[in-house]
Amino acid sequence: MGGNQSWVTEFILVGFQLSAERELLLFWIFSLLYIFSLMANGMILGLIFLDPSLHTPMYFFLSHLAIIDMSYASNNVPKMLANLLNEKRTISFVSCILQTFLYLAFAATECLILVVMSYDRYVAICHPLQYTIIMTWRVCMMLAFMSWSCGLALSLVHAILLLRLPFCGPLHVNHLFCEILSILKLACADTWVNQVVIFAACVFVLVGPLCLMLASYMHILWAILKMQTKEGRRKAFSTCSSHLCVVGLFFGIAMVVYMVPDSNQREEQEKMLSLFHSLFNPVLNPLIYSLRNAQVKGALHRALQRMRSMKGVDRVLVG
């Protein structure tokens, strides 16, 4: 570690190599997406906290997903936006390692939370009579705690293995933020241990969870086909298909980036793919999982009604 500090104190994030006009345009687009993701996920958190009808296991896990998405975006996007406006795109060594640690922690935790959410839906649809017995609050708390613990532990292992490497230049990270594979390319030592651990972690948080989710949704779809009403089948298919699209994009992109053999030609493509996790996924999740939901719409309507009634009371008191 001492060698690292004596050789490297900061990295330079290459980012997009575009004209100033295009980078300014990207700044405004990314800013709007970032603000929308914070507002949408923040609104969902507020509704789940305030509305008693949303105090159920499904919305408990959705609140964790909202927290992860807000944290995920806030870890990467502010620095990305600053770099779009500045010619000096440096980041300190400590900040870079911290950004990498948090990025991996939130990513792994989201993978595991998505698995837990698919299991919750499986129990709700396939075993509705046993749902309250199986999905107790104790079980929900334990599943959430295990997801966060595993995500943080895996990320800590990656960070420790990263810190043991010497970095002696060049210092240009060819990415939008401090992404672990891009940092490993700057090490002047053998990184095979890091690569093996990354692959093993991918099997644990990507391949395994994806297989479990696909199995859950297969059982769910089979249960949907047995439903008597066409309207019930249509709504259930609509919900499951949108969920599967988001899950497929999230896991598919992550597997392409971290499990497919790397090449220099793919570096620019990986920058674009990373935007999905940092920007688009935090926007899509609240739209797909929550804001299309009738219960969330109802909670939002009730919250707006309460706000209107409170304004009416204030006017009466002032008058």
Side-chain angles (χ1 to χ4, degrees), residues 8-46 65-107 109-110 155 170-186 245-246 249-250 252-254 256-258 264-291:
V8 173
T9 58
E10 63 182 21
F11 292 111
I12 299 169
L13 296 170
V14 174
F16 291 113
Q17 295 176 303
L18 303 171
S19 65
E21 292 79 11
R22 289 186 178 181
E23 291 196 340
L24 183 62
L25 176 63
L26 288 178
F27 171 82
W28 289 112
I29 294 171
F30 294 169
S31 296
L32 290 173
L33 288 172
Y34 177 54
I35 291 167
F36 179 81
S37 70
L38 292 182
M39 290 176 63
N41 285 292
M43 183 183 70
I44 288 165
L45 274 177
L65 187 64
I67 291 169
I68 291 168
D69 283 339
M70 292 171 72
S71 305
Y72 211 155
S74 297
N75 180 52
N76 298 333
V77 178
K79 183 64 178 175
M80 194 190 308
L81 293 175
N83 287 344
L84 286 170
L85 296 180
N86 297 326
E87 290 185 10
K88 187 181 180 183
R89 300 177 176 183
T90 58
I91 183 170
S92 69
F93 179 82
V94 174
S95 297
C96 190
I97 298 300
L98 180 61
Q99 190 181 61
T100 304
F101 167 75
L102 292 174
Y103 176 80
L104 294 173
F106 294 136
T109 304
E110 179 158 353
S155 183
L171 308 179
H172 292 75
V173 179
N174 191 14
H175 213 281
L176 306 173
F177 52 87
C178 288
E179 192 272 330
I180 189 167
L181 294 179
S182 298
I183 297 171
L184 287 177
K185 292 175 182 177
L186 308 182
C245 284
V246 173
L249 283 171
F250 182 85
I253 289 172
V256 166
V257 172
Y258 291 102
N264 292 330
Q265 289 76 22
R266 270 190 35 226
E267 286 183 342
E268 293 303 314
Q269 295 173 353
E270 287 177 2
K271 290 180 190 179
M272 299 300 297
L273 292 175
S274 69
L275 286 175
F276 176 82
H277 288 156
S278 299
L279 271 174
F280 302 125
N281 195 60
V283 171
L284 281 176
N285 279 343
L287 292 174
I288 297 296
Y289 286 104
S290 298
L291 297 178

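All heavy atoms count here, side chains included; hydrogens, waters and symmetry mates do not. Residue indices begin at 1 and follow the sequence shown.
- Distance check, rounded to the nearest 0.5 Å: CG of Leu171 to CG of Leu13 gives 11.5 Å.
- Side-chain contact between Thr109 and Tyr72 is absent, with no heavy atoms from C-beta onward closer than 4.5 Å.
- By the 4.5 Å heavy-atom criterion applied to side chains, Phe36 and Leu32 are not counted as neighbours.
- Atom CD of Glu179 is separated from atom CG of Leu184 by 8.5 Å, given to the nearest 0.5 angstrom.
- A pairwise comparison of heavy atoms in Leu45 and Met70 identifies CD1-SD, 3.8 Å as the closest pair.
- Asp69 has its side chain out of reach of Ser37: every pair of non-hydrogen atoms, C-beta onward, lies at least 4.5 Å apart.
- Distance check, rounded to the nearest 0.5 Å: NE2 of His172 to OG1 of Thr90 gives 10.5 Å.
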Next item on the list: Mind running side chain to side chain contact (heavy atoms under 4.5 Å, CB included) on Phe16 and Glu23 for me, showing each step along the way?
Entry: CA-CA 8 Å; Phe16 291 113; Glu23 291 196 340; 4.2 Å; yes
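- Between Glu110 and Phe250, the closest side-chain pair of non-hydrogen atoms falls below 4.5 Å.
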Notebook entry, point to check: Given the rule in the side chain to side chain contact (heavy atoms under 4.5 Å, CB included) test, do Thr9 and Phe93 qualify, once you have shown the distances and angles that lead to the verdict?
Noted result: CA-CA 5 Å; Thr9 58; Phe93 179 82; 5.6 Å; no
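- Side chain of Arg89 to backbone of Ile12: no donor-acceptor contact under 3.5 angstrom is found.
- Closest non-hydrogen pair, Tyr34 versus Leu279, comes out as N-CD2, 4.0 Å.
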Next item on the list: Show your reasoning for whether side chain to side chain contact (heavy atoms under 4.5 Å, CB included) applies to Asn41 and Val283.
Entry: CA-CA 8 Å; Asn41 285 292; Val283 171; over 6 Å; no
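- Taking CD of Glu21 as the reference point, atom CG of Leu24 lies at 8.0 Å (rounded to 0.5 Å).
- Inter-residue side-chain proximity for Val257 and His277 is flagged as unmet; no heavy-atom pair is nearer than 4.5 Å.
- The minimum heavy-atom distance between Leu176 and Asn83, with the atom names listed, is O-ND2, 4.5 Å.
- Between Ser182 and Asn174 the shortest side-chain heavy-atom distance does not fall below 4.5 Å.
- The shortest distance between side-chain heavy atoms of Ile91 and Phe11 falls below 4.5 Å.
- Residues Phe30 and Ser278 are not in side-chain contact: their nearest non-hydrogen atoms beyond the backbone lie 4.5 Å or more apart.
- The distance from atom NE2 of His175 to atom NZ of Lys185, rounded to the nearest 0.5 Å, is 8.5 Å.
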Output side-chain donor-acceptor pairs under 3.5 Å for residues 95-106, partner residues at least two apart or in another chain, one line each.
residue	atom	partner	partner atom	Å
Ser95	OG	Ser92	OG	2.8
Gln99	OE1	Cys178	N	2.8
Gln99	NE2	Asn75	O	3.1
Thr100	OG1	Cys96	O	2.9
Thr100	OG1	Cys178	O	2.9

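- The CD1 atom of Ile44 sits 11.5 Å away from atom CD1 of Ile67, with the distance rounded to the nearest 0.5 Å.
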